[in-house]
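In what follows, a structure is listed as structure tokens, so that the remarks can point back to it.
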Amino acid sequence: MATAIGAASWLVGKVLNKLSDDLVSAYVASSELGLNYDLINTNLLYMQGLLHASQNKDVSSDHGLHGLLEKLAKKADEAEDALDELHYFIIQDQLDGTREAAPDLGDGLRGYALHGRHAARHTIGNWFPCFCCSRTQDADFAAGNPHNVTKSDSGNDGGCVAKLKFDRVAMSNKIKSVIEGIHNLCDPVSDLLNKIPNNSTVVTIKRSPTGSTVSQDKLFGRSVIFEKTVNALTGGTYQTETLSVLPIIGPGGMGKTTFTQHLYNDKRVEGHFTVKVWVCVSTDFDVLKLTRQILSCIPAVEEEKYKCTIETASLDQLQKSIAERLKSKRFLIVLDDIWKCNSEADWKNLLSPFTKGESKGNTVIVTTRFPSIAQMVETTDPIELGGLEPNDFFTLFESCIFDRSKLPGNYKDDLIDVAKDIARKLKGSPLAANTVGRLLRKNLSREYWMEILEKNEWSNTKNDDDIMPSLKISYDYLPFYLKKCFSYCSLFPEDYKFHNSEITHFWMTVGIVDSSRQNDKNYLEELVGNGFLIKGDNSGQYYVMHDLFHELSRNVSSQECFNICNLSFRADDIPKSIRHLSITIKNVYDEHFVEEMGKLRSVIDIANLRSLMIFELHDVRIANILEDTFENIKGLRVLFIAMKTQQSLPNNFSNLIHLQYLKISSPYGLEITLPSTLSRLYHLKFLDLRDCWGIEKLPKDFSRLVYLRHFHSSKELQSNIPEVGKMKHLEELKEFCVKKENVGFELKELGELSGLGGELSIYNLERVRSKGEASDAKLKNKTNLKELRLVWSKAERQPIDDDVLDGLHPPNNIRVLGIINHGGTTAPSWLCGDISIKKLESLHLEGVSWSTLPSFEQLSNLSKVTFSNIVGMRLFGPGVGGVTERSFTHLKEIVFEDMPELVEWLGGPSSHMFARLESIRINHCPFLCSFPFLECSDVFTKLCTLDIWNCPGLSLFPLMPHTSTLTYVCMKNDGSELFYNGDKLSINGYTRPLAFHIMDKVEHMEICGVSHVTLSDLQKLKSLSSIYLERCDDVFSTELDDTVLLHSVQNIHIIELQITGELFSKALRIFPALSNLKIGECRNLGLLPVEDGRLSDLRVLQSFDGYKCGKLFSQWPMGEVGGGGHAINPFPTCLKELSIWSEPSMQSMGLLSNLTSLTCLCLIDCSELTIDGFNPLITVNLKKLIVQNEEGISIAGDLLSEIARSKLMRAGSFQLEVLYVDSISAVLTAPICSHLAATLHKLQFSFDQSATTFTEEQERALLLLTALQHLAFYGCKNLQSLPRGLRGLSSLKRLVIESCKKILSLPPKEGLPTSLEDLVVFYCSPEVTEQAKKLKEADTWFSVSIINLEVDEDV
């Protein structure tokens, strides 16, 4: 009921917002409607106030109120539509200078005259809606219907855009009806709300208490973080602190309490802490109550000075008693499941007695769902518990299903695959494992489990300890506006990246967020703070939602929003009340989908949908279905749609007069033309074309979108809006180009846009002739503007009036300013005289030749400065230009780019003006020979980034990095390169000393062409996991003894090393954890068949890649060496992936005879390879197999024949998903294809020189591959035709033909599979290339990529 009251209040607020428009309210108040506007407005405000006041009261038993609220919501929707429609025609009047929708003012004669003229039409029975217009403007004019449309002056390419005709009588009747309807409900609703007792119970959230006793004997997964936490608690960094607070955070059901129980009861923890206390806090954060609970758990001491009666003592007495009892004891306190803390003061008050002790290493562990609480209480980095790793989760999941029972006999054959599919959906949530485990335990049949999987049955569970009820408690705890924000996220696909502007604009459009107060709160951050979203990256550019929360959002919004996300949806399951619909199905198609979409029109009110969001690009079949389904839609506020042609838009697009948010996407390389009728969608506030790649121009009368606030598109489109000054509500315009030859591109257009904010770049300023013309932009008045770039063209060098730049005065609060290629000799007075832009934080000067530079001392807030191509600047530093010792007091970043005259940057050890610098970038300064960092690097203690490119005079660098603060270094000079970003270190010819001891976080290391790096240096990189070595032979030449071990290294790639087999065997001992090894072009390297130091000793090696060495297996001619129990092989049996290419020493498949764990095997261009010694068992686990020679004898046929003869296929042990071979005839046989049918997804035939056509047997065999999705023919030089039966490959999505020049024809479109999405034709015959182009022209929905020797195109 609280939600219903909140929704009603919200909808009434939307109506009041519409009535707040002066012209709308004047029309409603006009005498022709005969309404008492003031009384109606007052009663609506009164009712809204009562609704707001009643949101937290428990009125769940008042069914009469609930019914009235439903009626009120419906009437409010109707009223909003009618008033919005009226407002549309008021805007149209303002644009066209007409008064069709003018209210009756004064004596009322005009209103009555208009009303009478419109009423006359109805006397002859011509009753029609307030407006009407056929589906396209061309149809309107062809029909010649004068009642439907009138002509407006502009359209694309000079055409006319149909103007919607206003019907005053219908509009007046509609508004009167809906306003009276909503007003008639005011009294009964207000009366019932007034009767709710003031002392009615506020709804509270009940949480089950928790205790320290372990509820789950085994802790599944999380072993690494568990051990790390135990070590931190008992012997780590916490031991130096009197009190540490460790938050453990994660969504509901992630196992925070279980994890903490295991910590609490760990023997090491028990032995370390003298006192342990566990308190379940839940939603009741009462400092006095919690203090009592904690004290009651702490053992008393002898002769207590502050002994008290816990139940009656004051907070002061309790805290003194706690401090006394804990004075010399080390303690651990767990505050489990904190849902709220009223203030930071309350938190500090609770902790105060725990900070008085004499011992160190005391810890408070806090578990919570809410990152905002963790942030408030933490003194150390929190532990964030997400989903379990897949393998750990599946082990837990099985234990939840079968409890302590044995696995049933049919589990591995019938159930395990379904269980794995369900587990993937649960995203590692332990509570979800328990919930679904209980469901599956009831019936161990495949049919029942499949039903659970397909219907997501766990989302319907009701018990308090089930996953959805647990998560819903978090939802119930949200304020109403955040509930609405969260619930509407259900319309977006799973794993969607929510960007602040997009989702906020969406919320504004549907009315959740008040557009006039959009900057008051960051709703996404509030949802993060409440644990419903997480930041997708460290920069906070986007946010993501856990899949289980996405499922919850669907549940709580089910009466308003519906997301069609799979083909099994049923239209009859969709509530009739749905107003927001999204379709997130991929490009798939079946008859069930067609049938259900057909039903949809009769189930929900399509015409009055508020949101339609189609996220995926669909082919012409599905597009036609969607077009038919949504043909009569008219009430949309939000439309997200993927386009391939203009027909992708709803038929009724031109009549979507309520539309406020339009987002269009299209595939790259496809040209899209926006409909000219777009410019008559006057209510449009947000237009997003960022993912619409093929739009080259806008409708000519685009500026009629006078309510548009945010236009997201390429800068080119933004700079080509004629008469943009008409769009007075526009809040961002990233680029404006002055065009004197075109009307509507003068600077005065910018002068009309007083609300512009964000960033703005103005180009072609050389075309501005006077200060007065420059002043017309009124830049100084645009106080919302944060960034401004003023750009003159280099190409059009003309005499510049210095006063022009004076006229381009930015707002005084501008933060970022760039002046580029100004050809004048004098700087503007507002920058180099009496500086008025003193809040400036970033200044970019490029291509200027001013006689004086700004007085940087006056720009005290400057944190970044960029100098690029400054004429005459030879020296920079104190005493030069506008720089003094008091300049740059807050400077953090400095950039010099393309400074051909700069010789020296001054500032020695005695100068500290640059000591605050965090970033230095110097690029393309050929004569610069000195800068302060070279002389006194120790002064630059805050430096984080050092970027030096093409500055040959800068070479004598100190020890790098000079401090641990410097975490990004990039230096490239004359073949010497050094790159370091904290995670990666790359050295190429750089010979200066390096501080390896500082770079202990480096995980990836690349060394090329240097000799001064040793293994002892690498041993200092404690986190090192990957090494790339190229042309650095000295790395392994010394120190190959037992004193050097690199335990953390898992991946090694060596290339062009002059290393012998003996030295390599010794080197292998250094890397006991080696998992992936890649060796290339090491001409002297031959793997030795020795007892110690061979590859087979690497017990964790997972993959090996060897190429172009020549002698790699020269001492292993027939595979294994030795015999019987002493036989040895080159590789360990644990190897999973093996790739050998261009290796003539690879002569026998016997080399691989022990590799029965292989999942991927690639043998490419091994010209001497035979199948001697081949063991078919190595293919048992293969998912990917590549066997091909561009030249020489193919072994693919013999290999597959051996596998077939081994009967492995018939045993169901051959599970290939990807197969690349050089022999068509080897694969296309019935025995092979029948066993590959269920699993093979990708098949490529490469370099088959013998195949010319396909035999009947091969055609039939190919059709057995029913799971095949990708088929490719590459370099088959003699192949003359494609298989005739391609259409029978019902799963095929991609067909590739490359370098098969004797193929002269393609099948017609009807000869290709209906499932085919992409056809790729590269370097084929002219005939095939031309046919591919025609296929594309015949069906614009069909993706065809073409490359030939003369033309490179993607169409």
*asked:* For a side chain to side chain donor-acceptor pair (under 3.5 Å) check, start with the C-alpha distance between His499 and Thr504, then their side-chain angles and the critical distance, and finish with the verdict.
replied: CA-CA 8 Å; His499 290 83; Thr504 301; over 6 Å; no
*Keeping the roles fixed (side chain from Asn861, backbone from Lys838), state whether a donor-acceptor pair exists under 3.5 Å.*
yes
*So is Lys663 actually on top of Phe640's ring, under 6.0 Å and inside 45° of the axis?*
yes
*Minimum heavy-atom distance Pro811-Leu779, with the two atoms named*: CD-O, 3.1 Å
*asked:* Using a strict threshold of under 4.0 Å (side-chain N to carboxylate O), is an ion pair present between Glu732 and Arg709?
replied: no
*Below 4.5 Å, heavy atoms only, C-beta onward: do Trp850 and Leu845 meet side chain to side chain?*
yes
*Looking at Arg789, His712, Glu759, which one forms a side-chain contact (heavy atoms from CB on, under 4.5 Å) with Lys734?*
Glu759
*Considering all heavy atoms of both residues, which atom of Pro854 and which atom of Leu859 are nearest to each other, and what is their separation?*
CB-CD1, 4.4 Å
_Quick one, Cys737 and Asn720 - any side-chain contact, counting heavy atoms below 4.5 Å?_
no
*Are side-chain N/O atoms of Thr884 and Glu857 paired as donor and acceptor at under 3.5 Å?*
yes
*If you measure only the distance, is there a donor-acceptor pair under 3.5 Å linking the side chains of Arg637 and Tyr661?*
no
*Please assess Leu698 against Leu674 for the test side-chain contact (heavy atoms from CB on, under 4.5 Å), listing each intermediate value before the final yes or no.*
CA-CA 7 Å; Leu698 299 169; Leu674 291 173; 3.9 Å; yes
*Could you tell me whether the side chain of Ile721 reaches within less than 4.5 Å of the side chain of Met727, counting heavy atoms only?*
yes
*So, the side chain of His729 versus the backbone of Val706: is there a donor-acceptor pair under 3.5 Å, distance only?*
yes
*Could you grab the distance from atom CZ of Phe711 to atom CG of Leu733, nearest 0.5 Å is fine?*
9.0 Å
*Arg704 bridged to Asp96 by N-O distance under 4.0 Å*: yes
_From Leu750 atom CG to Leu730 atom CG, the distance as rounded to the nearest 0.5 Å_ = 10.0 Å
*asked:* Checking side-chain polar atoms at under 3.5 Å, does His924 have a donor or acceptor matched by the opposite partner on Glu897?
replied: no
_Looking only at the side chains, is there a donor atom on one of Asp84 and His658 sitting less than 3.5 Å from an acceptor on the other?_
yes
*Could you tell me whether the side chain of Lys634 and the main chain of Asn655 form a donor-acceptor pair under 3.5 Å?*
no
*Answer yes if the side chains of Arg680 and Ser654 hold a donor-acceptor pair under 3.5 Å, and no otherwise.*
yes
_pair Val848-Ile820: side-chain heavy atoms closer than 4.5 Å_ = no
*What heavy-atom pair brings Ser25 and Tyr37 nearest, and what distance separates the two atoms?*
CB-OH, 3.3 Å
_Pairwise side-chain contact, Tyr763 with Phe736, heavy-atom cut-off 4.5 Å (strictly under)_ = no
*asked:* side-chain contact (heavy atoms from CB on, under 4.5 Å), that's the test. Do Trp792 and Asn764 meet it? Break it down for me.
replied: CA-CA 5 Å; Trp792 285 255; Asn764 300 340; over 6 Å; no
*asked:* Looking only at the side chains, is there a donor atom on one of His822 and Ser849 sitting less than 3.5 Å from an acceptor on the other?
replied: no
*asked:* Show, in sequence, the C-alpha distance, side-chain angles and deciding distance for Phe867 and Val895, and conclude whether the side-chain contact (heavy atoms from CB on, under 4.5 Å) test is met.
replied: CA-CA 6 Å; Phe867 299 106; Val895 180; over 6 Å; no
*Would Glu846 and His844 count as having a side-chain donor-acceptor pair, cut-off 3.5 Å?*
yes
*Salt bridge check: are Asp81 and Arg610 linked by an N-O gap of less than 4.0 Å?*
yes
_Aromatic plane relationship, Phe89 with Phe166 - under 30° parallel, 30 to 60° tilted, over 60° perpendicular_ = tilted
*Is there a side-chain contact between Phe653 and Leu678 (heavy atoms, below 4.5 Å)?*
yes
*Flag side-chain contact, heavy atom, 4.5 Å: Tyr88 against Leu164*: yes
*asked:* Regarding His683 and Gln660, do their side chains bring together a donor and an acceptor under 3.5 Å, going by distance alone?
replied: no
*Can you find a heavy atom in the side chain of Ile695 that is under 4.5 Å from one in the side chain of Thr673?*
no
_Check against side-chain contact (heavy atoms from CB on, under 4.5 Å), Ile657 and Glu85_ = CA-CA 7 Å; Ile657 65 169; Glu85 196 172 318; 3.5 Å; yes
*Is there a ring pair (Phe, Tyr, Trp, His ring centres under 6.0 Å) between Phe896 and Phe876 once you walk through the steps?*
CA-CA 10 Å; Phe896 292 96; Phe876 174 80; 5.2 Å; yes
